[in-house]
Protein chains: 4
Amino acid sequence: MKKIKVGVLGATGSVGQRFVQLLDGHPWFELGALFASERSANNKYKDEAKWFLPYEMPEEAAEMVVKSVNDAGAGTTENEDIAVMFSALPGSIASEVEKRCVQAGYCVASNVSVYRMEPDVPLLIPEINADHLALVDVQKEKRGWEGFIITNPNCSAIVLTLSLKPLMEYGIKEVRVSTMQAVSGAGYAGVPSMAIMENVIPFIGNEEDKMESEPQKILGTVEGSRIKNAAFTICASCHRVPVMDGHTEAVWVKFEESVSEEEVKKAFKDFTTDIKTPFEPEKPIILREERDRPQPKLDRDAGRGMSVSVGRIRRGRVENEVKYIAEGHNTIRGAAGASILNAEVLVERGYI
Amino acid sequence: MKKIKVGVLGATGSVGQRFVQLLDGHPWFELGALFASERSANNKYKDEAKWFLPYEMPEEAAEMVVKSVNDAGAGTTENEDIAVMFSALPGSIASEVEKRCVQAGYCVASNVSVYRMEPDVPLLIPEINADHLALVDVQKEKRGWEGFIITNPNCSAIVLTLSLKPLMEYGIKEVRVSTMQAVSGAGYAGVPSMAIMENVIPFIGNEEDKMESEPQKILGTVEGSRIKNAAFTICASCHRVPVMDGHTEAVWVKFEESVSEEEVKKAFKDFTTDIKTPFEPEKPIILREERDRPQPKLDRDAGRGMSVSVGRIRRGRVENEVKYIAEGHNTIRGAAGASILNAEVLVERGYI
Amino acid sequence: MKKIKVGVLGATGSVGQRFVQLLDGHPWFELGALFASERSANNKYKDEAKWFLPYEMPEEAAEMVVKSVNDAGAGTTENEDIAVMFSALPGSIASEVEKRCVQAGYCVASNVSVYRMEPDVPLLIPEINADHLALVDVQKEKRGWEGFIITNPNCSAIVLTLSLKPLMEYGIKEVRVSTMQAVSGAGYAGVPSMAIMENVIPFIGNEEDKMESEPQKILGTVEGSRIKNAAFTICASCHRVPVMDGHTEAVWVKFEESVSEEEVKKAFKDFTTDIKTPFEPEKPIILREERDRPQPKLDRDAGRGMSVSVGRIRRGRVENEVKYIAEGHNTIRGAAGASILNAEVLVERGYI
Amino acid sequence: MKKIKVGVLGATGSVGQRFVQLLDGHPWFELGALFASERSANNKYKDEAKWFLPYEMPEEAAEMVVKSVNDAGAGTTENEDIAVMFSALPGSIASEVEKRCVQAGYCVASNVSVYRMEPDVPLLIPEINADHLALVDVQKEKRGWEGFIITNPNCSAIVLTLSLKPLMEYGIKEVRVSTMQAVSGAGYAGVPSMAIMENVIPFIGNEEDKMESEPQKILGTVEGSRIKNAAFTICASCHRVPVMDGHTEAVWVKFEESVSEEEVKKAFKDFTTDIKTPFEPEKPIILREERDRPQPKLDRDAGRGMSVSVGRIRRGRVENEVKYIAEGHNTIRGAAGASILNAEVLVERGYI
């Protein structure tokens, strides 16, 4: 199979570098273009990206000449053979650039929040809601776009939502979640060491809002040309801790009725997916039985960073409530890896 | 006023060193004896305690000869003039040693958990429940002890409970709390750097049980010769983070009725105490208005480590629920400082 | 004594905040003005400075209205009663602003590097070279300035040089020094957590040059209207480590002749100063005898951050060489505290 | 090729776990037995080893029944088919157990220091001194042992020595080295978080001695039945920093004559090895040209942890001196990986 050419919008940043790393040697995709800000344009990627991932940037990417995001989707012929644009753009310019790319006919698989909650834009975790891809046609028709956009959720929301999916069958009423989030989620310069070293910062801008709204859409059901949100309520408290990668979340789930620890464990264990693409891990959810797991340092790379680990399932003192810990890699499963998995599913289902 | 002589049981450990540090120069108390394990006995404190607090151990303590905990309360005449024994003993031996000291007539102010939940033992946060000292007479009569024991709560429970007190007037129904706890709570060698560096450990032995049971006793009311527990339910999830000192807690309080953010803030702001002793801070509760406070590194030393800081008060999505962040110094307000404050109140009220 | 009014240039940054903190309650000085960038001007300090030091900014400073550095020394009448301008400006604008202030008649006590190596500008560590103040007259005459400028050394150079001073009597031939520097030296946003967490960065821009040149001037002798540099050679390797405050330095000193460990220890112990000002610590150099000290976390606050701690004195395998560890607080003794001490000496000696 | 059975002595500790991890799936070796303390014996490895490496212990090892080190080499028939015993024993028992194993006929590849400096025991870095294996016959003859023992150097010494090898041709006179060492070198519980968090500890027991003596043996030449040490002098200062894995070293090399930066870089670049075994990395020494590399977090895994990275080559101010930074993974290239590479070379050269 001939590889599909893809581009990365915002390729020099924290999530952008993860895209470049994860796409290196991808069996289906190959890098066709790297886009960054105007001032990086026309220079080699190796001269513009301060690579902060271990060892070295992939050789092929290193030698690529960076293009300006202003040219993405702007009719330059050289990008014609690119099918998918992965977007790791800053929120401030994402709206405009992504729209221009979609209008120019690209499929945009975006990690950015701007389009996530639009009623006609799929907010995908493929193991949960690949059927939301039905919105693609709605979107194209409604907006008259040649291409289309799909999105993946906020990094913390992915971890939570994937862990909630198997529990839906028991009837979820309320969810409370307290996060302990890694610094990489804020971008390379996002969290100064003087701010977080030996400290906790109990605030992350807009994070609680996203965690309280995205899961309902993701877990919602397609009804005609729209998604009907899942009905439970989420209340989140979000905090930054001195961890490099991997978000840890303490979750309380209040069910409609009494559910035992064993039922919850079984639901996690039995969770499977019929998706079989390169980035889909063998087990999207891994149940840890040790009393002190999951831990970000030990579990973030499970399933090559694409599995969410859960553990410490225990009955709470409040009636019908179970508490547990969920953990996932915030820049792989929670960002770049999520977008790539989404694109793989597009290929698998013939959208690309 | 002649200073009152005090002893420290378990003086070489993490909390023991805090006792020694905080008692140095105390206006009411002076160190009379330092007790540690048999193998440290008869050597100078400076040779037995690997001092890990900044700069240097207090000179007076440094030159004191350590006594064996086996001799504490065992009838040796030399301790006769000691009035209070502060206990920072390991749980395994605390029960026996503390009992022997009480039988020998000492007042034991203990930071250890073994006696906390006994019905006739005060579990004190003096700003909340100094009236629980009524149990002292019950205890002495019932047990036939010459001395008596009072206890302070678990470090995480103190921070939570102090923050809950002003909210009691609104009718608390349920509390959920997620902790991000400092490593010093586990003792000097308790948490290996390989375990916690750049990591979160979502488990602390017995911590959730303590947090779910102690606050009800502390916030309970004296009814005759016993305490009637406060009626609400607590559900805790406890986690260790790479922080040296200072426990941070995300709290959800579900009230009986709707309570506004402003009412909660006002309750925190208006909280005062009539206790006026050396360790009582000007404000037991400090309300931070910044959106990203309290933080352990910035707020743990507020009120010389004796104030609990609260912030980020906000309505939750669940009906009648408010969420906020509380933070306190775990080895000062949460341990040694709490015991010392308790002993001060004993003096103020004539128990010593 | 009426307090002397002082200003702080660059008051919102990392070192600027230290100035504000250390000047609060100073017995001789009081804050007269806080200067920051144009865009902070006319707002209260509390609204412009993101305070990152523990607890809270001093109340008096909090309510002060920030002035633009463009107005410093620019003839505005309101600053007339300020005698000393402490400078914590970014290097890029320091040259111009400091010059303007000096021309306007202020004494500038600068923590910035731009004027340090000028032949007519004192580079002071008062315990070492208060006699270099003789350059003040040279400077005023040569430049025709109404005011004058004095400087303190680079943070790492101060720690090293103070530790070298007592050893000069033995005849130093070569010095090698390897630093392990705290992140606060780079300013609040200078070192991203993603860069330094669980890592070492073996590079700090221009640091090795400063460490290899400043000590010779500081340890030099006044000869007429100039300083004759000390004659030994320094070779530095500078590294950033995940420490908040406190620079640790491994030092090798090769002497002209054989010097014993005991001689070196004695030289450190016997070092005293005749300076008696508020910021002068009782012991400028503290000799630690423990085998694992000094450590930044334990020793940085010695002498309220103004003492340099030394330890682990041991003969090296190379002939006539002794190695040891030196440690000091980089933003107190190494920056703001150093400037304040310098200004105190100016007052003591009648320059102000 | 039938795989060669190997045992691990001290399999539950920090380095022991690295052996188990690195041997999993090794193309030449397979785990035959895991030895630990008597109290772990007869239980499954998964129940005795608190696995601290990411994700999960290898499945095969997990199910193995741990044997007592007291039985290693003690004549139990079941270990008969084991050819190599890798030793990660605590120093206190290593001497006895290793000796017993050698007498019983095993080849012991030891990471422990006890036998390293014995004149008839090879201290190997195969890229440097595989010819020192000539000592094996000397050893067997002299001691009358049926088996034999080979050792790998101290973790810090390996990194330094490998980097010195290419520079030997220019005539090394003196070496000074300042280390910034990871906590994993001290074993799982070796460095409490309270000791090292946000701190530097400028002392590591016996480390400086090892670094000052081992390299001369390693870089020495075989003369008849003994090694003639290399002639230069080393002076080390060793420090622990808050890094998980990876030792960073600042090195000053004083040459007999002037050597340029380019010559040093070329020597590093041109360094190759004729060893072609599974653990031998493509490049034993990797030259980094960035101004701020190598860094432990970014470079420790280079060559799957078996390469040493060097960078920041620059002339020093002292005559004929060059300084640079070296970095290597302390528990792979510096411990378990080193032993395995040594054993591979034994196989390649027919000793096993």
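Below, all heavy atoms of this structure are taken into account, side chains as well, without hydrogens, waters or symmetry copies. Below, chain A is the first sequence line, B the second, and so on; all start at residue 1.
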Exercise for the section: Taking all heavy atoms of A189(A) and all of P192(C), pick out the closest pair and write down the distance. Expected result: CA-CB, 4.1 Å
Practice task
Verify the neighbour count for atom CD of E290(A): are there more than 12 heavy atoms of other residues, nucleotides or ligands below 6.0 Å?
Solution key: yes
Fill in the blank from the handout: If one checks every heavy atom of Y188(A) against chain C at 4.5 Å, the contacting part turns out to be both
Practice task
Determine whether more than 12 heavy atoms belonging to other residues, nucleotides or ligands lie under 6.0 Å from atom CD of E96(C).
Solution key: no
Practice task
To the nearest 0.5 angstrom, please state how far the OG atom of S193(C) sits from the CD1 atom of I201(A).
Solution key: 8.0 Å
Practice task
Scan V191(C), I196(C), V183(C) and name whichever one has a side-chain contact (heavy atoms from CB on, under 4.5 Å) with M194(A).
Solution key: V183(C)
Completion exercise
In terms of heavy-atom contacts, M244(A) and M197(C) come closest through N-SD, 3.5 Å
Practice task
Give, as side chain, backbone, both or neither, the part of A195(A) having an atom under 4.5 angstrom from any heavy atom of chain C.
Solution key: both
Practice task
Check whether more than 12 heavy atoms from other residues, nucleotides or ligands sit under 6.0 Å from atom CG of N42(A), and answer yes or no.
Solution key: no
Handout entry: CG (N43(A)) with more than 12 external heavy atoms under 6.0 Å
Key = yes
